[in-house]
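As structure tokens, the structure follows; a few thoughts come after it.
Here is how names work: the chains are called A, B, and so on, in the same order as the sequence lines, proteins then strands, and each is numbered from 1.
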Amino acid sequence: MDKVIMAQNLTLAYSNNETIINQINFSVDSGSFVFITGASGSGKSTLLKSIFGALKPKQGSLIVGGVELKGVSSSKLNFLRRHIGIVFQDYKLVKEWSIEKNIMLPLIINGYDKSVTQNQVETLLKHVRLKHQAGKYPLELSGGEQQRVAMARALAHNPILILADEPTGNLDDYSSQLIWNLLEGANSQLKTTVIVVTHHIPESLGVEYKHFHIEYGSIHEVN
Amino acid sequence: MKSIRNHLSLVIALLSILFSMQIFIIVDRSIDAYKENLANNYAVVIVSQKRLSDEVVLGINKLIASSGELTADSVIERLNSGMDKKNIEFLKLTLPKFYKLKLDHYPTPQEVITLKKDLLKNSSITKIEDFSHNHDTTYKLLLLFKGVVSVFALSIFVVTTLLIFKELRIWQFKHSERMSIMGLFGAPVWLRSAVLFRLSIVDAFIASIFAFGLFSYIATNAWILKQFESIDISVVIFNPIDDFVLLLGVAISLSILLASFIVLGHKEEV
Ligand SMILES: Nc1ncnc2c1ncn2[C@@H]1O[C@H](COP(=O)(O)OP(=O)(O)OP(=O)(O)O)[C@@H](O)[C@H]1O
Ligand SMILES: [Mg+2]
């Protein structure tokens, strides 16, 4: 089976040289659904950062979508990122843009034309139950609403890989279920690889999944 | 409302740079026009024992544009009372010749010195009147005036540039978040900075159009035109095509330079 992610002896550290992830080996099959758990501060977000190339491997190798991220050129990295959809733990919405425009961002970057963009945004707004808020700005929304906007943006360009960092962290049960349904749908219908960092794996998920746990700088699969 | 404020700071800064630049241009043109005016009124008078042909006089120094003989008749007429014809004829023959030389352009003091030396090489020329004291003072005053205006324009330029750099920090902060987020979704650098460049070019246009309005007004203001008339010079205060293109060019280059600084100074945070 194709691997979307392949890490070998991967070590990650920030500029202060404190090692967060230490010589891990793991891989993610294309089209799979993966959960990553771990205590707060264990390095879950750090691992995601390395997967979308914001933190370069300190040692070892990390190949994402066929691209070796150690020493990757910025144009190659941009190309890779255009095929990834990310839900950030802190959302990272553009404050001076409306909700609608925020969701459009990946579509604009990927050069979709206006009518496709418009349709896609409308569909997504419906899916995340924010149609009536389309013209508002991020700071005019509640935390949970912002999180749903971030989710819609991550799905907008039908990426091959979705990275979601605690995408239900701020949501009630109803909205959480909404998010799980969307991720499930993308995974089962579009064969999108989904990697979710979470503290609570949902009990009833309609797709098969793998579960990795991060602890003391290492990662291991939980069966 | 907020977006107007965002524009205002750069527009005002650019406008003051354009303003000082155009004022400098106007002063430069006025001084040139005034110098030409002075050159037309300025003359050197020489006294010669012999008649000097035009070719001879013009050959002495390139600076000399034309030479004209001053007739002695008017001088003699005043002495005329009680002199008989014979004596007058005699006087006419013995009187030296006077020539008034017009110069090609308004001379520097050094050129005046060289001119005098060259003239005196001709043995028949005995005296030169060059009004050099007056000339020196006027010339130095002009240079001083130009110097003061240059310093003034330059200091406006420097102060405004410093202000712009301070503004740059704020801009950098304001735009860096959006640029980072766009980068995380794979936007190439040109796309990330497109908004910034569009903003700064729009500001450059706004500032240039304001400057255009301002100087078009000044160029047709009756009071200002009268001032130039009173010192007898005609100056193009604002050429709506050439000058506008220059102002626009400067404004756009400056703001593009600024935006480039922001883009280059932008670092992706981890
Ligand atoms: N930009 C940074 N510079 C330096 N150290 C960092 C930076 N970001 C995170 N860290 C450190 O790296 C470690 C792992 O952080 P990370 O954000 O990956 O944790 P996490 O597992 O996502 O935790 P949480 O569940 O609370 O989100 C922490 O000890 C944190 O202090
Ligand atoms: Mg985290």
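- Annotation: A:K70, atom NZ; neighbour count of heavy atoms from other residues, nucleotides and ligands within 6.0 Å is above 12.
- Within a 6.0 Å sphere centred on CZ of B:F205, other residues, nucleotides and ligands contribute 12 heavy atoms or fewer.
- For the atom pair CZ (A:R153) and CZ (B:F185), the distance works out to 4.0 Å, reported to the nearest 0.5 Å.
- With a 6.0 Å radius and a threshold of 12 heavy atoms from other residues, nucleotides or ligands, B:F197 has its CZ atom above the threshold.
- If you tally non-hydrogen atom pairs under 4.5 Å between each of A:T46, A:N78, A:L105, A:L77 and chain B, the highest count goes to A:N78.
- Closest non-hydrogen pair, A:V94 versus B:R178, comes out as CG1-CG, 3.6 Å.
- Looking at A:R82 and B:P188, their side chains come closer than 4.5 Å, going by heavy atoms from C-beta outward.
- Annotation: A:F26, atom CZ; neighbour count of heavy atoms from other residues, nucleotides and ligands within 6.0 Å is above 12.
- Summarising the geometry, atom CD1 belonging to B:I181 is positioned 8.5 Å from atom CH2 belonging to A:W97; distances are rounded to the nearest 0.5 Å.
- Contacts of A:L80 with chain B are absent, with no heavy-atom separation under 4.5 Å from either backbone or side chain.
- Using a 4.5 Å cut-off between heavy atoms, A:I86 touches chain B through backbone and side chain atoms alike.
- Looking at A:R81, its side chain never comes within 3.5 Å of a backbone N or O of B:A187 through a donor-acceptor pair.
- Counted within 6.0 Å of CZ on A:F88, heavy atoms from surrounding residues, nucleotides or ligands total more than 12; the atom is thus considered enclosed.
- Heavy atoms of other residues, nucleotides or ligands lying less than 6.0 angstrom from CZ of B:F210 number 12 at most.
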